[in-house]
Amino acid sequence: NDILGSEQSDDTFYDDNCVDAQRRLQYLLCQFVEVLSSSFAAPVTLFLDDLQWADSASIAAVTQLLCSSGSSTKQTQFFFVGC
C-alpha cells in the first residue's frame, strides 16, 4: 500500500476520465462548428433526427453546442434542427 500509494477504485478513475473526455469532445464539437460556420457565407445547418432516443451525454453535447454558438465573438451563422 505504501509503495503503490493510496488505493483508488477503478470505477472512480473510469468515471473521472469519462467526464473529462466528454468535456473535451463537447469543446471540440463547439470549436468545429464555430470554425465551419464562420468560414462560409451560408449558414451551417445541423439536423438531428430521432432526438427522443438520444442519451444524456448526447443531449449535453447538443446543449453545450447551442449555448456556446450564441456566445461566440465571431460572425457565425449556425442553424440547428432537431426532431
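Distance check: Asp20 CG to Leu25 CG gives 12.5 Å after rounding to the nearest 0.5 Å. Residue Leu66 holds its CG atom at 9.0 Å from SG of Cys30, rounded to the nearest 0.5 Å. Taken from CD in Glu34 to CG in Leu65, the straight-line distance is 10.5 Å, to the nearest 0.5 Å. Here OG of Ser58 is found 14.5 Å from CH2 of Trp53. Values are rounded to the nearest 0.5 Å.
Residues Phe80 and Leu48 meet the side-chain proximity criterion, which asks for heavy atoms closer than 4.5 Å.
Ser37 approaches Gln77 most closely through the heavy-atom pair CB-O, 3.4 Å.
Of the possible polar contacts, one joining the Ser68 side chain to the Gln64 backbone as a donor-acceptor pair under 3.5 Å is found.
Under the 4.5 Å side-chain heavy-atom criterion for ILVMFWY residues, no single connected hydrophobic cluster contains both Phe79 and Val33. Under a hydrophobic clustering in which Ile, Leu, Val, Met, Phe, Trp and Tyr are joined whenever their side-chain heavy atoms come within less than 4.5 Å, directly or via other members, Leu51 and Leu29 fall into the same cluster.
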Exercise. After noting the C-alpha distance and the side-chain angles of Gln26 and Leu28, does the key distance pass the side chain to side chain contact (heavy atoms under 4.5 Å, CB included) rule?
Worked result: CA-CA 6 Å; Gln26 289 175 2; Leu28 291 173; over 6 Å; no

